[in-house]
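Read through the structure below, which is laid out as structure tokens, and then see the notes.
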There are 2 protein chains.
Amino acid sequence: MTSGRATPDRPGARRAVAATAHVTLDAVAREAGVSPATASRALNGTATVRDDLRKRVHAAADRLGYIPNAHAQALAGSANNRTVGVICHDVSDPYFAAISSGVMRAAAERGLLVMLASTFREPAREISYVSMLRAQRARAILLIGSGFQDRAWERAMDTELEPYVRAGGRVAVVSRHRSLRVDTVQPENQAGAAALARALVGLGHRRFAVLSGPPELTTVSDRLAGFREGLAEAGIGLDQVVEGAFTRDGGYEAARRLLLCAARSPYRARPTCVFAVTDVMAVGALAALREAGSRVPEDVSLAGFDDIPLVRELSPPLTTVALPLTSMGENAIALALREVGAGRRARVVRVAGEVVLRGSTGVPGGGVR
Amino acid sequence: MTSGRATPDRPGARRAVAATAHVTLDAVAREAGVSPATASRALNGTATVRDDLRKRVHAAADRLGYIPNAHAQALAGSANNRTVGVICHDVSDPYFAAISSGVMRAAAERGLLVMLASTFREPAREISYVSMLRAQRARAILLIGSGFQDRAWERAMDTELEPYVRAGGRVAVVSRHRSLRVDTVQPENQAGAAALARALVGLGHRRFAVLSGPPELTTVSDRLAGFREGLAEAGIGLDQVVEGAFTRDGGYEAARRLLLCAARSPYRARPTCVFAVTDVMAVGALAALREAGSRVPEDVSLAGFDDIPLVRELSPPLTTVALPLTSMGENAIALALREVGAGRRARVVRVAGEVVLRGSTGVPGGGVR
DNA sequence: GCGCTTTCAGAAAGCGCTTTCTGGTAAGGT
DNA sequence: ACCTTACCAGAAAGCGCTTTCTGAAAGCGC
């Protein structure tokens, strides 16, 4: 089936099964009876070409089914690369999926192809992806989500990224701090968490627990600090902070540990409200709570952060701090690719979170009343 | 900051802000005091290079921070391209996200970069992505998820794909039929739906409704046919089929329409069990049911298909036919990239679905008892 | 009608690599 | 000591484009 026309004239044929070669610009030019230079100009519109020639070239290209070789184009042209790279932990995590979706939409509008790389939370993979994207001469590299704990890795990233930006590459990070000055889309984690805390206090809660992630991540520490701050305004402290992995199961495990502690403490000292620093963790927490027989929100209120689409479907639907995830992705790419004057300065876009009260939070002791 | 070393010798410098050029292989070769050919061989290990030279080249490459230009490599080499393309409707849909995640893992193991394209359900975009991926000379193109209703579009896809495979490109489709003979990963939709039907009948249900998608999609028609078949074995017919879009909101709308009908019919004639042809639709349906005050499963049982991770978190968790989504993605890439002998034949991998009974289904009339 | 600018097609020089091809040197055989 | 073989480094030819550069033809003013 694939055999097609072999090249029997050449004695040392590459492979037994001959593959039809790609149609080249030269072939198109020959077919149209013009020079390759003219064909290139006609196809790309980079210079004025006499009308009849232009038509002939286009007709020839169509007839032959010409597809330009992007590699050759990138190699020959100065900056013809039509790809951007995105690095995140895992596309199947709804948080990254939502942001990536925004990136893709924005990329599609610009006619760019997105190379998406999942690190599966391995720092080494992240760095190797950056260098692969560098090799691909991606126009921009977007780093989405929190970096890794290890300072050494961050340093390594910087040395990887630095020559890239020097060579004209654009870097933007979403929801992540970088020592290198790069474009940044940063949610207002602290303000958002503070607002959430205020809202929960407003509901009547006084005893709080937090399901936290790796404290080295600024996302975590900012949200934690913001939450504390919001509580402090009402003179309330944080009773408990339990750390877990930044995943659904991390939230589940953390909630179990929290429940274990709670079981040992007197009823009146137990937290009436739990804040999970991400929705993804909150999902796990909700499962753990339910398994343990705690009713949400009657026995305990639960809140998250991010507003990933999924939390609206939970029952009760999750109270959270809504972030415009899709547009954060769009912003990141717009930021990275914006035309720059001589004085290119890294820009930081801060996006606000909005507290959305849903069914997972209620007045404390709702179940006992 | 970006200024670095300009090139003051050249009078007509490209830009005001000089960008440090990339380090080339030639530079590495010069630094190591060898020829570019040797440098290439040393770096790629394509031929034996004297040990001291090899070390010198590697040292020079490290010192200079050499990153090979993938475009030049692809252009010069025969088949050095390290990218595969994936086209799906939307990465933020958990179904595609799960499959994509599998693709990425498999790609990562092979050192490949994935170019991921979301069509956002626009046929035109799908075709233009194929041609972009062709231009990129992607090693393989993976088409994930159902194609479009329009036969004309499918035809256009074929004419786009056909020269690609002739030129040695690999194509694999997941959960989609192709007129072109290409590698396929196909869930056993019919058998799965039939098994589900049997299980539901086993629970005691006799009156069923289906929330269906666009009937032109084989995924839909197969699942529908299978479900009918399973019911027929017990001498039961399908009371109602409501069509909706293949999305969460499509499921929601379809369920609302179903409820409208049900409200007009006598209680004893109302379906006791609803099957949504995809989990994503079932999520919407569950919301609609809940809004309407129907308790699941007491008043009505609900089942889906796919087992996307999210449905485990619902309450009640959704009964569904579980598909190994991640490994389907892995399979697809393995299939497409497998080494082929002379007789390359398109292969079809059928993956079975497993009925998973969860809380969303119960015995009929469970609420009245 | 002559020299001027302007317009536009083609020739040719790369872009940064890989991969023959070529040839020099060392190793091995007799 | 001579010839063959093996090994390995460098020269050079592209891969398929874009983009100068060059030059022919056409348009214009005087």
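Chain letters run A, B, ... following the sequence lines, proteins first, then strands; residues in each count from 1.
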Here the distance between atom P of D:dG14 and atom NE2 of A:His22, to the nearest Å, is 20 Å

Looking only at side-chain N and O atoms, does B:Ser40 come under 4.0 Å of OP1 or OP2 in C:dC17? no

Which pair of non-hydrogen atoms, one from B:Tyr129 and one from B:Ser118, has the smallest distance, and what is that distance? CE1-O, 3.3 Å

Could you pull out the closest heavy-atom pair between B:Cys88 and B:Ser100, with the gap in Å? SG-OG, 4.5 Å

Output the single nucleotide from C:dA11, C:dT18, C:dC15 whose closest atom is nearest the side chain of A:Leu75. C:dC15

Nearest-Å distance, CG (B:Asp26) to P (D:dA9)? 17 Å

Assigned partner base of C:dA13, Watson-Crick or wobble definition, under 3.5 Å: D:dT18

Most 5' of B:Ala72 and B:Val49 on DNA chain D, judged by nearest nucleotide: B:Val49

Options D:dA9, C:dT19, D:dT19, nucleotide nearest the side-chain atoms of B:Leu53: D:dA9

note: B:Asp52, atom CG; D:dC8, atom P; distance rounded to Å ~ 12 Å

From C-beta outward on A:Tyr66, which listed nucleotide comes closest to its side chain: C:dG10, D:dC17, D:dT18? D:dC17

Sidechain N-carboxylate O distance under 4.0 Å for B:Asp158, B:Arg155: no

Write down the distance between CD1 (A:Ile67) and P (D:dC15), rounded to a whole number of angstrom. 20 Å

Would A:Arg121 and A:Glu126 pass as an ion pair if we require N to O under 4.0 Å? no

Taking only the side-chain nitrogens and oxygens of B:Ser35, find out if one of them lies under 4.0 Å from OP1 or OP2 of D:dG10. yes

If I compare all heavy atoms of B:Ala61 with all of B:Val28, which pair ends up nearest, and what's the gap? N-CG1, 3.8 Å

Heavy atoms of B:Val173 and B:Arg176 approach each other most closely as CG2-O, 3.2 Å

When you check the phosphate oxygens OP1 and OP2 of D:dA9, does a side-chain N or O of B:Arg50 lie under 4.0 Å from one of them? yes

Measuring from the side chain of A:Ala37 (C-beta onward, heavy atoms only), which nucleotide among D:dT19, C:dG16, C:dT19 has the closest atom? D:dT19

Between A:Leu25 and B:Asp51, which is nearer to the 5' end of DNA chain D once each is assigned its nearest nucleotide? B:Asp51

Between C1' of D:dC17 and NE2 of B:His71, the distance in whole Å: 13 Å

Think A:Asn69 has a side-chain N or O under 4.0 angstrom from the OP1 or OP2 of D:dC15? no

Within this structure, what is the CZ-to-P distance between A:Arg56 and C:dC8, rounded to whole angstrom? 16 Å

Does the D:dG10 base have a donor-acceptor partner in the side chain of B:Arg41 within less than 3.5 Å? yes

Quick one: A:Arg54 CZ to C:dA9 P, roughly how many Å, whole number? 11 Å

Per atom distances to the A:Val34 side chain, the nearest of C:dC17, D:dT19, C:dG10 is C:dG10

Length of the CG-P vector between B:Leu43 and C:dC17, whole Å: 9 Å

Is there a side-chain polar atom (N or O) of B:Gln73 under 4.0 Å from OP1 or OP2 of C:dC17? no

Closest to side chain of A:Ala76, choosing from C:dA11, C:dG14, C:dT19: C:dG14

